[in-house]
Amino acid sequence: MLPSPCLPLHRPPSFPLITCRVSPSVPRPSPPPPPLPSPPPLANLSATTVPALTCALQCIHFQSCSGCTQEFNLHRPVIVDEAAEFFKSLGVSDFTFDSSRLWGWRCRAKLAVRGPSNNPLIGLYEEGTHNVVDIPHCKAHHPSINLAVELLRQGITELNVEPYDEDQGTGDLRYVQMAVTTYNTSLPASERYINGKVQVALVWNSRNENSPNFDKLNALADYLWRNGGRRSDVNFIHSVWANFQTSTNNIIFGNRWRHLLGDRDFWEHLGGIDIALAPSSFGQANTRAFDTLLRKVQKYVPLGASVADLYAGAGVIGLSLAAARKCRSVKCVEVNKESKLSFEKTVERLPNSVDGSISWHHADASVEPLSWIMGSEVVVVDPPRKGLDSSLVDMLQTLSSLEHKAKSSSESNSKVKDEKRPWILRAREASVEIRGKAALNDSQSLPQTLIYISCGWESFKKDCKLLLSSKEWHLEKAHGFNFFPGTQSIEILAIFKRGRRAPLKKKKSGKKKKRS
Ligand SMILES: C[S@@+](CC[C@H](N)C(=O)[O-])C[C@H]1O[C@@H](n2cnc3c(N)ncnc32)[C@H](O)[C@@H]1O
């Protein structure tokens, strides 16, 4: 039998929750945070009164690790002022910025594993290099991720697992993805976050389960499960998965996944619904801040609307809208086929009141983008950091003139027999169509609202200017969210409406006209 881990693994005390503005949906950890100066109100974007040190990162890895770039004023990334100015110049002067947890916010981390087995390095690359910096005390990680990293480190050493050597292409363990679920209904809501459990995905340097080093992978998974799983004292490992990757490029995951131990299903409660997320599907790193954003998005979608959710991942945004806004139809479009299963599981748990037409399509949103948004009143886009594909921007810029073309294109799409385009046929094969009581929306109408969610500020600015320059859209509202405290990045939620902005009504002077 293998010895138990040499270091005792205890759950560390929770980080204090300090925020610029605590969203009401964010559960407070227990015990309550120490008394600290109250943060400035959200909408006030003028100079902050919170001492910089109160919201300082205070992380011993700050100098060496590339993960964080802002050490002080975590509640207010430097980019917020620029964003407020940018939106003001476009006629939106009530930009808001919402902050939540400043430490322990990262619920999803992909870490490289390098170095010797008796002293493994588990962390991020040093800026501009492929040298891995060990970050056992990372302040951004959810505390359970740091615990799981520590346990993994012990397992690697005790079992003599060889970390990957990039130069030689040798070694076994290349990366690890750690994702935390904070959804445990057996605990009081206030204790769920801090007691989050980790889904560990080990990226193994072999083709599949038949490779000679598979026994070692199983031994490492057993070690994690025995010392951190359900029957251990600490119980912070949710499950262990394997991903097989032998390529020499920089892509972290290979195509083959295998569930090894623990619960197969991983649930989170976001935007008012239960969400399933497989390790192969995209998941937001800051789940609490994402929940705040989802609830804000709901406010901009009319009840009963039809929605196209492009760059949808497992359909979290679309499905939360389907439930909260009783959407007539929701169409999700995503290029990663691995997200389909998570979407299907989430749909199974949707409340019975959701009876609109719901579908998920494995397709590239940049190919024939018009076909995806036709018939929807609201289109949601949540692209990767590089922003929208140019074909999508082009289409959104010329929407009115495309109206006629849209009609004929939709007519030809509906003739399944005549369809020759392979990408459309493939998308149909891989799509999931769940028809509720409500009929599918076959209308030819085009969206009046565009909801743009962005994690890439520079690309957002570019896309935003292009959309506005066409006069096809105007900007109605803009919000920022502190998704990545300690970095220069924020998440943007921008609401565009078709056509020109209505001119501001002139204020009445208040003086009564004299009767003649
Ligand atoms: C920032 S993530 C957002 C995912 C989802 N909205 C969520 O919040 O969970 C961007 C997603 O776009 C997908 N994607 C990237 N390029 C795409 C394309 N051309 N067409 C469709 N999906 C794409 C990625 O696979 C990824 O899942």
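Values reported hereafter were calculated over all heavy atoms of this structure, with side chains retained and with hydrogens, waters and symmetry mates removed. Quick caveat: nothing in here was measured; it's all calculated off a predicted structure. Start at 1 and go down the list; that is how both ligands and their atoms are numbered. Numbering starts at 1 and runs along the sequence shown.
For ligand 1, the polar-atom distance check against Q284 finds a nitrogen or oxygen pair separated by under 3.5 Å. The distance criterion of under 3.5 Å between nitrogen or oxygen atoms is not met by F282 with respect to ligand 1. Distances between N or O atoms of S366 and those of ligand 1 include no value under 3.5 Å. At under 3.5 Å, a nitrogen or oxygen of V335, whether backbone or side chain, sits near a nitrogen or oxygen of ligand 1.
Using a 4.0 Å cut-off to heavy atoms of D364, the atoms of ligand 1 that qualify are 18 (C), 19 (N), 20 (N). Atoms of ligand 1 lying under 4.0 Å from at least one heavy atom of G313, given by number and element, are 4 (C), 5 (C), 27 (O). Residue A365 has at least one heavy-atom neighbour below 4.0 Å for each of these atoms of ligand 1: 18 (C), 19 (N), 20 (N), 21 (C). The atoms of ligand 1 that sit less than 4.0 Å from any heavy atom of I317 are 6 (N). Interface atoms of ligand 1 facing D389, defined by a heavy-atom separation under 4.0 Å, are 19 (N).
Cation-pi geometry between R385 and W457 is not met: the NZ or CZ atom fails to fall both under 6.0 Å from the ring centre and inside 45° of the normal. Under a cutoff of 6.0 Å and an axis angle of 45°, R108 and F282 do not form a cation-pi pair. For the pair R101 and Y193, the distance from NZ or CZ to the six-membered ring centre is under 6.0 Å and the angle to the ring normal is within 45 degrees.
Under 4.0 angstrom from ligand 1, the non-hydrogen atoms of A312 all belong to its backbone. In P383, the part holding a heavy atom less than 4.0 Å from any atom of ligand 1 is the backbone. Neither the backbone nor the side chain of D309 comes within 4.0 Å of ligand 1, counting heavy atoms alone.
Summarising the contacts of atom 12 (O) of ligand 1 with F290, W372, Y311, the nearest heavy atom is found in Y311. When the heavy-atom distances from atom 6 (N) of ligand 1 to L392, D382, I453, V367 are ranked, the shortest goes to D382.
Side-chain N or O atoms of N184 include one that pairs as donor or acceptor with a backbone N or O of S186 at under 3.5 Å.
Remark: N336 CG is packed, more than 12 non-hydrogen atoms of other residues, nucleotides or ligands lying under 6.0 Å away. More than 12 heavy-atom neighbours from other residues, nucleotides or ligands sit within 6.0 angstrom of CD on E82.
Protein heavy atom in closest approach to atom 25 (O) of ligand 1: E334 OE2, 2.6 Å. Looking only at protein heavy atoms, the nearest one to atom 15 (C) of ligand 1 is P384 CG, 3.6 Å.
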From CA spacing to verdict: salt bridge (charged side-chain N to carboxylate O under 4.0 Å, His left out), K197, D263: CA-CA 11 Å; K197 291 188 183 178; D263 288 344; over 6 Å; no
Is there a side-chain contact (heavy atoms from CB on, under 4.5 Å) between V379 and T449 once you walk through the steps? CA-CA 6 Å; V379 57; T449 304; over 6 Å; no
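The shell of residues lying under 4.0 angstrom from ligand 1, judged by heavy atoms, includes A363.
Aromatic rings from Y300 and H479 are positioned such that their centres are separated by under 6.0 Å.
The side-chain contact (heavy atoms from CB on, under 4.5 Å) with I453 is formed by just one residue from the set L294, I492, I317, V381; it is I317.
Note that CG of D291 and CG of N286 are 10.5 Å apart. Values are rounded to the nearest 0.5 Å.
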